[in-house]
Every structure is written in structure tokens, then in C-alpha cells.
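These numbers were taken from a predicted model, which means no experiment stands behind them.
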Amino acid sequence: MTVVTRFAPSPSGHLHVGGARTALYCWAYARGRDGRFVLRIEDTDRKRSSDAASLGFMRDLAWLGIDWNEGPTIPELPDCGGGDHGPYFQSERLQIYQEHLDRLLASGRAYHAFDTPEELDAGRRAAREAKVAYRYDRAALKLSEEEVAAKLAAGEPAVIRFRTPDEPITIVDEVLGEATLPAGEIDDFVIRKADGYPTYHFAVVVDDALMKVSHVLRAQEHFNNTARHMVLQDALGFERPTYGHLSLIMNPDGSKMSKRDKDKALRAAVREREIEACPLDDTGEPMVDGDTWDRWRGDKTVQLDLDRLEAIADALDVALPEINVSDFRRSGYLPEVLCNFLSLNGWSAGDDLEKFDNAFLAERFDLDRVQKAPAKFDRDKLLAFNLDAIQAMTPEEFASRARAHAEAFHPEFLDRLDGDQFAMLCEASRERSKTLDEPFRTNRFLVDADEAIAWPVTKPVRKAMFKGEPAGLEMLGRVRPVLNEIEEFESSALESAITAFAEAEAEGNLGRIAQPLRIAVSGGPVSPPIFDTLAILGRESVLARIDRCLEVLAAEMPSS
RNA sequence: GGCCCCAUCGUCUAGUCAGGUCCAGGACACCAGGUUUUCAUCCUGGGAACAGGGGUUCGAAUCCCCUUGGGGUCACCA
């Protein structure tokens with residue numbers, strides 16, 4: 001039997017790390033067994049689904065190196081998708097669902113129900129107060145055939161519910177083992193909504209059967225749903241796939257990793273800094289209207305639109321936690337490292353093996369080594385893995401990947417630096433970069449205008465510039481002519497000239513020259529190696545910055 | 001709250017299914033030294049766990065029970 005797995009995202013929002021791990025496991029399981037991996041878009045919620053989100057999911061998967069044998073096709077990914085079991089958007093399969101629905105209706109295994117949302121809510125509230133689990137009361141079953149026909153004819157809104165057999169259901173799961181749900185635990189759930197779309201439960205069962213899915217690997221939140229899917233499979237005469245439920249990925253504090261964490265982080269920062277008003281955008285308008293802002297600030301269940309949220313965080317210089325695959329990409333993580341690390345959250349290869357690629361994962365992945373307990377996502381370890389991968393790169397590979405990253409996220413570096421300068425930056429940054437983003441994020445001074453550099457007098461600046469005999473600022477003035485007169489303004493020439501200067505003027509203590517220079521050209525005490533930094537900047541900028549620095553800091557210099 | 005599931009260092013985990021080779025191994029983090037023009041690396045060393053309580057057994061991290069703790073679920077969302 002051919003192994004067929006599928007990843008079936010709902011196209012709302014973005015692919016997050018939990019979903020990415022599920023997709024990766026599904027992909028690996030099929031790949032390692034010469035099977036097929038299917039991508040199916042579950043867009044039966046018309047309000048929440050969007051084409052943009054579907055596209056985003058596909059791009060994120062492709063970026064991770066997860067390709068699908070069957071599923072939607074987009075021009076930019078000609079090697080993914082296609083297949084004989086389409087369409088792969090559920091919204092295009094309505095006719096198929098209806099046929100199977102009719103079978104259930106005809107056999108009496110499903111029935112129309114006309115309960116209003118208000119009535120159902122009242123029932124749920126009552127159950128909550130009575131501290132029991134809510135179960136649908138089958139009110140609609142009391143209606144006679146004529147009454148049902150009349151209501152339907154009158155166009156009353158109706159859902160279709162599945163008549164769940166009143167008996168215990170045993171779920172067989174390759175990860176968690178067997179579990180039996182007592183009779184009555186699963187109620188008569190809705191299988192077609194009033195808008196005519198199938199619910200998740202119905203569509204997933206029909207599609208998995210028709211697409212010949214043999215193994216369903218999905219998040220543990222679906223565990224109880226499996227019982228629903230099993231009774232549906234029985235009623236429809238479908239074979240059951242093998243199930244495996246994956247534990248969730250949690251935050252370090254044990255809370256569930258969620259998009260809301262971004263709102264949470266920003267809200268916390270806003271509170272801590274006692275920011276009252278919403279920041280303004282370029283046009284001087286608040287980034288969100290005052291009403292929304294106030295509601296968001298006061299109510300932790302309110303979420304801001306992601307684009308706005310990120311714009312505000314950017315304006316306030318608040319780092320938002322990475323949740324989605326695209327967040328990790330923007331932060332400069334390598335896709336192969338993300339996959340590697342993600343696969344380690346919930347699975348292990350054994351033999352103390354933890355650095356491997358997707359091909360190895362496909363070869364070795366199996367359900368018997370999948371962890372049952374939830375894992376907390378440790379960004380520190382991910383970062384360490386990313387560092388290791390970057391350190392293992394050739395300079396050429398790093399440069400080309402850094403360039404691609406800059407094209408996507410820091411185009412100003414490509415505008416301001418020529419090819420040689422950019423190459424120098426990469427070379428100077430590689431061994432101190434943990435991410436592809438670091439060369440740019442930490443070196444903005446390279447692309448700032450000379451006049452834009454400022455020198456806040458922090459402790460390290462005070463130490464390097466004002467302390468010592470002679471003070472760093474004086475050293476800076478003395479080394480300036482060396483830079484002005486040097487013939488070739490490039491790294492090795494600068495190194496010999498400045499080292500010689502240090503020998504002559506600072507007892508060979510290079511730091512006493514390098515730090516003042518670093519501060520003068522960058523505005524702070526941190527930069528790539530000083531000779532590279534100077535070379536990238538070029539003589540003109542370096543001298544201009546030194547001159548302004550001498551002027552500005554001389555005014556701040558303590559008199560004694 | 002009902003139902004279901006789970007439980008090894010701070011974190012991810014190896015070892016659990018076939019009880020002894022485990023006074024529990026690796027990685028990240030942490031701590032202490034060292035290298036270094038800043039930062040980041042890098043090197044050396046160190047501390048750190050079988051949730052608790054009962055069984056079964058010659059012997060239990062491994063099997064059973066209880067307690068505690070954690071997770072999932074209880075939608076016309078998926």
C-alpha cells in the first residue's frame with residue numbers, strides 16, 4: 001500500500017511553527033516510504049479564508065524545503081502540486097461533499113436541525129453553569145418528517161447533524177496508543193453549516209478517503225475529533241487511515257504558542273513604558289484609531305491587525321516574538337536549521353544525533369520515536385544551531401545568502417554599498433553572526449548618512465573616549481592624519497598603519513586606538529573588526545565622522 | 001467542571017515497549033577560568049533530572065496503583 005500523508009491548513013493567518021512541524025513530519029513520513037505527500041487547503045470557513053493566506057502557506061512550505069506531490073499549483077513553484085485527486089481547495093469540492101451528505105441523509109444517519117445560535121448558546125451556558133460538558137440535545141429529532149419538509153420549504157436556515165451512534169468509541173493512535181471515549185461523549189455534531197459548506201469534520205473525512213490518505217499525522221488538538229471522524233467513516237463506508245497525534249509546541253513559560261503572543265509582547269512593552277497614545281505613522285496619523293488603540297490596550301483578548309501591530313512594534317522598537325515561519329525567515333534563521341530544530345521538538349533520531357537535514361529526517365522519521373508530551377520551544381537552542389550552521393558555511397555561501405536576505409529585508413544596504421563593500425561586510429560579519437539578519441541589523445551605521453551619526457555618552461563610550469592618559473578622544477585626533485594620509489584605504493593597509501601607530505603611541509595597545517575609532521565611525525562601542533569597518537566606510541566617511549565626533553564629544557568631555 | 005492523554009537536568013531529549021551494563025548519556029542554557037581591538041565566537045572545567053507515595057521483583061527511570069502536576073477537548077473554527 002502506498003503511504004499517503006497530507007497537510008491540510010486552514011488558510012487564515014500564517015503558517016506557524018507548530019503547523020510547520022506537522023507538515024515536516026507528514027512530508028518526511030511519506031518521503032521516507034516512497035509515498036505521496038498531499039497539500040490540501042481547508043477553506044470551508046468562508047469568513048476567515050483568503051487566497052493570500054493560501055499563497056503564503058505555500059511559499060512558507062517551499063521556503064522550508066517541504067514540497068508536495070499533490071495539491072495546488074502556483075507558477076512560482078512549478079515542481080509542487082498537481083495530482084489526480086483534485087481539486088485541492090475544499091471550497092471547490094462542494095458537489096462532492098453534497099453527494100456523500102445525501103447518502104447519509106437518505107439512510108437516516110444525518111438529519112436537518114433548525115436550532116438558532118441563541119438556542120444553542122443558551123444550552124451551552126446552562127451546561128457550563130451545571131459544570132457538565134455540553135452535548136447537543138437532539139431537539140431536531142423530535143420534529144416530524146412533515147415539519148422538517150415544511151421548514152425546509154419555507155427556507156428556514158438549517159444545518160445537518162450526524163446522528164452519532166450511542167456507544168463507546170475506541171481511538172487507535174500510533175503515537176498515543178488506544179483510548180476509549182465513553183458512549184455519549186461525542187454528540188450529534190454539525191456536518192453541514194447553514195451556508196451550505198461542510199464542516200471540517202465532514203470535509204476532512206471525505207477528502208482523506210477520496211485522496212487515499214493512509215496516514216493522518218496532525219496536532220493533538222484533533223485527538224477527540226478522531227472519534228467523530230471514525231463514526232463518520234463507518235457510516236460512509238470508508239476505510240480508516242492510521243492516525244498519529246502530535247503534541248503541541250509551547251512557549252517557554254508553558255503557555256500555548258499563539259499569534260496572540262505578539263499582541264501580548266507589544267502590550268506589555270506599552271504598559272511598561274507607560275505609553276498612552278498610539279505612535280504616529282509617516283503622515284502624522286496614529287497607526288490605529290484611538291478607539292481601537294484604547295480597546296486593545298485594555299483588553300488582552302483584542303488583537304490588532306498583524307501589519308499594524310508590526311508597524312507599531314517597529315516604531316516603538318519592540319521585538320515581537322517569532323511565531324510564524326515568516327517571522328523566523330525575517331529574523332534571519334536558515335530554513336534547514338528551522339526544520340532541523342523543529343523536528344527535534346517532539347521527535348529524536350536516537351544515538352545523540354541532533355544535527356541533520358531533511359533528507360536524513362525522511363530516512364529516519366518514524367512514529368515510534370515521537371514524543372507524547374508537549375515541548376517548550378527554546379529559541380536559544382535554535383539560535384545556537386543557526387550560529388553553527390552559519391559558521392560552517394563557506395564565505396561565498398554566506399555572502400550569497402546574506403545578499404538574498406538583504407534583498408528581501410534590508411534593500412538599503414544594497415543601495416548604499418557597492419559590490420565590494422557588501423562583500424567586505426559579509427566577510428567581516430560572518431563569524432560573528434548568529435543569523436542572516438545580524439550583519440544588517442547591527443550595522444545600520446554603515447548605511448546612515450555621515451551627518452546622522454550621533455554619540456550618546458554611554459558608559460563604554462565615556463570609558464573609551466574620556467578616560468586614560470591620553471584620553472581616547474585625543475588619540476582619535478592624533479590618529480586622524482594617519483588615516484588621511486594612508487595611500488590605500490583598505491583593510492590590511494589600515495591594519496599595518498594603525499598597528500604601527502598603536503606601537504608608537506599606545507604601547508602597542510591596539511584597543512586604545514580601535515575603540516575611539518569604532519565609536520567615532522559607528523556611534524557606539526560595537527562594530528565588525530575595526531579595519532574592515534573603516535575600509536567599508538571609505539576614507540571620506542571615516543574622516544567626516546571622526547571630525548564631527550571630535551567636535552561633538554569635545555563639548556561633552558569632563559574638564560578634568 | 002466532564003471526558004481523554006501525558007510526566008527523565010532550567011529547556012529539547014537518550015534510556016522505558018523486551019527490569020540489571022544508568023550513583024542516568026548528549027545538546028542548548030547556566031556558572032568558573034582562558035583566548036580576543038569592541039561585540040560575537042572559540043577553548044577548558046563545573047553544577048544540574050528519573051514529580052511524590054505505595055506496590056510487584058533478588059533487582060525499577062523502566063511494570064502496576066494512587067496522589068500531584070501538565071496538556072488536549074467540550075463551535076454552524078479548523
Side-chain angles (χ1 to χ4, degrees), chain A residues 8-12 42-45 47-49 113 115 117 120-121 124 127-135 157-161 171 173 175-177 179-182 184-187 189-195 197-201 203-204 218-225 227 245 247-248 250 252 254 256 341 344-355 368-369 371-385 387 391 429 431-434 438 442 460 464 495 498-499 502 509-515 517-519 522 524-531 533:
Chain A
S10 168
S12 60
E42 309 222 323
D43 56 350
T44 54
D45 184 338
K47 287 189 286 291
R48 297 200 216 180
S49 300
D115 314 83
L120 295 172
D121 278 348
R124 284 190 199 102
R128 196 179 192 79
E129 276 166 33
K131 290 187 183 287
V132 294
Y134 171 75
R135 303 282 178 259
V159 300
I160 296 175
R161 287 180 182 268
I171 300 169
D173 184 291
V175 174
L176 298 174
T180 301
L181 268 38
E185 186 60 26
I186 303 296
D187 68 358
F189 51 98
V190 173
I191 54 179
R192 193 186 72 173
K193 306 179 227 178
D195 66 3
Y197 276 65
T199 60
Y200 164 71
H201 298 114
V204 82
R218 52 166 37 157
Q220 218 168 76
E221 61 201 42
H222 288 298
F223 187 77
N224 285 38
N225 288 337
H245 288 93
S247 62
L248 271 26
M250 314 293 283
K256 191 172 170 176
F341 182 70
L344 252 21
N345 277 253
W347 180 80
S348 67
D351 303 326
D352 293 334
L353 276 166
E354 55 174 12
K355 296 277 180 71
D368 59 4
R369 297 188 70 89
Q371 202 76 16
K372 299 177 188 183
K376 289 174 188 161
F377 192 82
D378 180 1
R379 284 191 180 71
D380 287 339
K381 186 160 178 173
L382 170 63
L383 196 58
F385 272 40
L387 167 85
Q391 300 317 315
S429 304
E431 54 179 19
R432 56 196 11 84
S433 291
K434 296 183 174 184
E438 264 192 64
T442 61
E495 176 162 11
I498 294 172
T499 307
N509 190 339
L510 191 55
R512 291 185 54 202
I513 317 297
Q515 273 314 80
L517 270 172
R518 197 184 310 277
I519 290 163
S522 76
V526 178
S527 86
I530 189 61
F531 312 117
T533 304

**Q** Could you pick out which residue, A/N345 or A/D352, lies toward the 5' side of RNA chain B when each is mapped onto its nearest nucleotide?
**A**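 Result: A/N345.
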
**Q** Provide the distance between the two P atoms, one in B/C77 and one in B/C12, to the nearest whole Å.
**A**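 About 34 Å, rounded to a whole number of Å.
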
**Q** From the list B/A40, B/C77, B/U73, which nucleotide is the closest neighbour of the side chain of A/E221?
**A**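 Minimum distance to the A/E221 side chain belongs to B/U73.
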
**Q** With a 3.5 angstrom cut-off on both distances, give the Watson-Crick or G-U wobble partner of B/C3, or none if there isn't one.
**A**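 When the pairing criteria are applied, B/G72 turns out to be the nucleotide that pairs with B/C3.
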
**Q** Please give the distance between the C1' atoms of B/U44 and B/G54 as a whole number of Å.
**A**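 It works out to 46 Å between them.
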
**Q** Please give the distance between the P atoms of B/G20 and B/C31 as a whole number of Å.
**A**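 So the two P atoms sit 37 Å from each other.
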
**Q** Establish, with yes or no, whether the OP1 or OP2 oxygen of B/C12 is under 4.0 angstrom from a side-chain nitrogen or oxygen of A/R369.
**A**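 The answer is no; no side-chain N or O of A/R369 sits under 4.0 Å from OP1 or OP2.
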
**Q** Which part of the nucleic acid, if any, lies within reach of A/D187 when heavy atoms closer than 4.0 Å are counted: base, sugar-phosphate only, or nothing?
**A**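 Here A/D187 touches no strand at all.
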
**Q** Looking for any heavy atom pair under 4.0 Å, which part of the strands does A/E42 touch: base, sugar-phosphate only, or nothing?
**A**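 It contacts sugar-phosphate atoms only.
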
**Q** A/D45: which residues meet the salt bridge (Lys or Arg N to Asp or Glu O under 4.0 Å) condition with it, sequence neighbours left out?
**A**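 Applying salt bridge (Lys or Arg N to Asp or Glu O under 4.0 Å) to A/D45 gives A/R48.
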
**Q** Give me the distance, rounded to whole Å, that separates B/U16 from B/A51 when you measure between the P atoms they each carry.
**A**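 Taking atom P in both B/U16 and B/A51, they lie 16 Å apart.
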
**Q** Of all the choices, B/C28, B/G1, B/C39, which nucleotide is nearest to the side chain of A/V526 once you look at every atom?
**A**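 Output: B/C39.
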
**Q** For the pair A/T44 (side chain) and A/Y197 (backbone), establish whether a donor and an acceptor sit closer than 3.5 Å, ignoring hydrogens and angles.
**A**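 No; zero donor-acceptor contacts below 3.5 Å.
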
**Q** Quick one: label A/T44 by what it contacts on the DNA or RNA (base, sugar-phosphate, nothing), any heavy atom closer than 4.0 Å.
**A**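 Sugar-phosphate contact only - A/T44 comes under 4.0 Å of backbone atoms but never of a base.
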
**Q** Main chain of A/Y134, side chain of A/R124: is a donor-acceptor contact present, judged purely on distance under 3.5 Å?
**A**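 Pair absent, no side-chain N/O of A/R124 close to backbone of A/Y134.
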
**Q** Taking only the side-chain heavy atoms of A/A179 (C-beta and beyond), determine which of B/C3, B/A7, B/C4 contains the nearest atom.
**A**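 Out of B/C3, B/A7, B/C4, the nucleotide with an atom closest to A/A179's side chain is B/C4.
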
**Q** Mind checking if A/P525 touches a base, just sugar-phosphate, or nothing, with heavy atoms under 4.0 Å?
**A**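 Since a base atom lies under 4.0 Å of A/P525, the category is base.
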
**Q** Does a side-chain N or O from A/T442 land closer than 4.0 Å to OP1 or OP2 of B/A40, or not?
**A**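 Indeed not, no polar side-chain atom of A/T442 lies that close.
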
**Q** Please tell me if A/R124 has a side-chain N or O lying less than 4.0 Å from either OP1 or OP2 of B/A75.
**A**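 A/R124 to B/A75 OP1/OP2: side-chain N or O found under 4.0 Å.
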
**Q** With rounding to the closest Å, how many angstrom separate the P atoms on B/U11 and B/C50?
**A**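 Straight-line distance between the two P atoms is 12 Å.
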
**Q** Give me the distance, rounded to whole Å, that separates B/A61 from B/U21 when you measure between the P atoms they each carry.
**A**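 Result for the P pair: 9 Å, nearest Å.
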
**Q** Less than 4.5 Å apart, side chain to side chain, heavy atoms only: is that true for A/Q515 and A/P460?
**A**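 The answer is no; the side chains never approach within 4.5 Å.
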
**Q** Assign A/A194 to base, sugar-phosphate, or nothing according to its heavy-atom contacts below 4.0 angstrom with the strands shown.
**A**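 Base, at least one base atom sits under 4.0 Å.
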
**Q** Respond yes when some side-chain nitrogen or oxygen of A/K193 is under 4.0 Å from OP1 or OP2 of B/A78, and no when none is.
**A**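 So the side chain of A/K193 is within the cut-off, an N or O lying under 4.0 Å from OP1 or OP2 of B/A78.
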
**Q** Pick base, sugar-phosphate or nothing for A/G254, based on heavy-atom distances below 4.0 Å to the nucleic acid.
**A**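 Sugar-phosphate: the residue A/G254, judged by heavy atoms under 4.0 Å, touches backbone atoms but no base.
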
**Q** Do the side chain of A/R518 and the base of B/U37 come within less than 3.5 angstrom through a donor-acceptor pair of N or O atoms?
**A**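 Yes.
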
**Q** Identify the nucleotide, in any strand shown, that forms a Watson-Crick or G-U wobble pair with B/U56, with both distances under 3.5 Å; if there is none, say none.
**A**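 WC or wobble partner does not exist here.
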
**Q** Is A/K381 side chain donor-acceptor paired with the B/A27 base, going by distance under 3.5 Å alone?
**A**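 Indeed, a donor on one side and an acceptor on the other fall under 3.5 Å apart.
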
**Q** May I ask you to verify if any side-chain N or O of A/S10 is less than 4.0 angstrom from the OP1 or OP2 atom of B/C77?
**A**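 No, A/S10 has no side-chain N/O under 4.0 Å of OP1/OP2 on B/C77.
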
**Q** What contact category does A/R512 fall into here, base, sugar-phosphate, or nothing, at under 4.0 angstrom with non-hydrogen atoms?
**A**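 It contacts nothing in the nucleic acid.
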
**Q** When you get a sec, tell me which of B/C77, B/U37, B/U38 is the closest nucleotide to the side chain of A/L510?
**A**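 Side chain of A/L510 sits closest to B/U37.
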
**Q** Starting at the 5' end of RNA chain B and moving along, which residue's nearest nucleotide shows up first, A/E495 or A/Y200?
**A**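 That would be A/E495.
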
**Q** Does the side chain of A/Q220 reach to within under 4.5 Å of the side chain of A/L176, using non-hydrogen atoms?
**A**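 When only atoms from C-beta onward are counted, A/L176 and A/Q220 do touch, with a gap below 4.5 Å.
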
**Q** Hey, does A/R161 reach any base, or is it just sugar-phosphate, or nothing, if we go heavy atoms under 4.0 Å?
**A**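 Sugar-phosphate contact only - A/R161 comes under 4.0 Å of backbone atoms but never of a base.
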
**Q** Rounded to whole angstrom units, what separation is found between the CG atom of A/L344 and the P atom of B/G26?
**A**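 Spelled out: CG on A/L344 to P on B/G26 is 16 Å.
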
**Q** Can you tell me how far C1' in B/C66 sits from the matching atom in B/G72, rounded to whole Å?
**A**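 That atom pair is separated by 23 Å.
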
**Q** Is there a donor-acceptor pair closer than 3.5 Å between any side-chain N or O of A/T533 and the backbone N or O of A/P528?
**A**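 Here the side-chain-to-backbone pair exists.
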
**Q** Within the 4.0 Å heavy-atom criterion, would you say A/S348 contacts the bases, only the backbone, or no part of the nucleic acid?
**A**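 The residue A/S348 makes sugar-phosphate contact but no base contact.
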
**Q** What's the CZ-C1' distance between A/F385 and B/U13, to the nearest Å?
**A**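 After rounding, the gap between these two atoms is 11 Å.
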
**Q** Side-chain donor or acceptor of A/R379 under 3.5 Å from a matching atom on the base of B/U11?
**A**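 No.
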
**Q** Whether the side chain of A/R518 engages the backbone of A/V526 through a donor-acceptor N/O pair (distance < 3.5 Å, no angle test) should be reported.
**A**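 No, because the side chain of A/R518 does not come within donor-acceptor range (under 3.5 Å) of the backbone of A/V526.
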
**Q** Within the 4.0 Å heavy-atom criterion, would you say A/V190 contacts the bases, only the backbone, or no part of the nucleic acid?
**A**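 Answer is sugar-phosphate: A/V190 comes under 4.0 Å of backbone atoms only.
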
**Q** Where do A/R432 and A/E438 come nearest, in terms of heavy atoms and distance?
**A**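 The pair with the smallest heavy-atom distance is O-OE1, 3.3 Å.
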
**Q** How is A/G346 classified with respect to the nucleic acid when contacts are heavy atoms under 4.0 Å: base, sugar-phosphate, or nothing?
**A**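 The answer is sugar-phosphate, as A/G346 gets under 4.0 Å only of primed atoms, P, OP1 or OP2.
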
**Q** Out of B/U41, B/C3, B/U37, which nucleotide sits closest to the side chain of A/K434?
**A**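 Comparing B/U41, B/C3, B/U37 against the side chain of A/K434, the answer is B/U41.
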
**Q** What's the closest nucleotide to the side chain of A/K256 if the choices are B/A78, B/U73, B/C3?
**A**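 When the side chain of A/K256 is considered, B/U73 is the closest of B/A78, B/U73, B/C3.
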
**Q** What interatomic distance, in whole Å, is found between C1' of B/A29 and the corresponding atom of B/A49?
**A**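 It works out to 15 Å between them.
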
**Q** Which part of the nucleic acid does A/T180 contact within heavy-atom distance under 4.0 Å: base, sugar-phosphate only, or nothing?
**A**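 Contact class for A/T180: sugar-phosphate only.
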
**Q** Identify which nucleotide among B/G72, B/U38, B/A78 has an atom closest to any side-chain atom of A/L248, counting heavy atoms from C-beta outward.
**A**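 Side chain of A/L248 sits closest to B/G72.
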
**Q** Give A/P529 one of three labels, base, sugar-phosphate or nothing, depending on what nucleic acid heavy atoms sit under 4.0 Å from its own.
**A**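 Base: the residue A/P529, judged by heavy atoms under 4.0 Å, touches a nucleobase.
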
**Q** What does A/Q371 touch in the nucleic acid at a heavy-atom separation under 4.0 angstrom: a base, only the sugar-phosphate, or nothing?
**A**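 Sugar-phosphate: the residue A/Q371, judged by heavy atoms under 4.0 Å, touches backbone atoms but no base.
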
**Q** Between A/D173 and A/H245, is there a donor-acceptor pair closer than 3.5 Å when you use the side chain of the first and the backbone of the second?
**A**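 Yes: the side chain of A/D173 pairs with the backbone of A/H245.
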
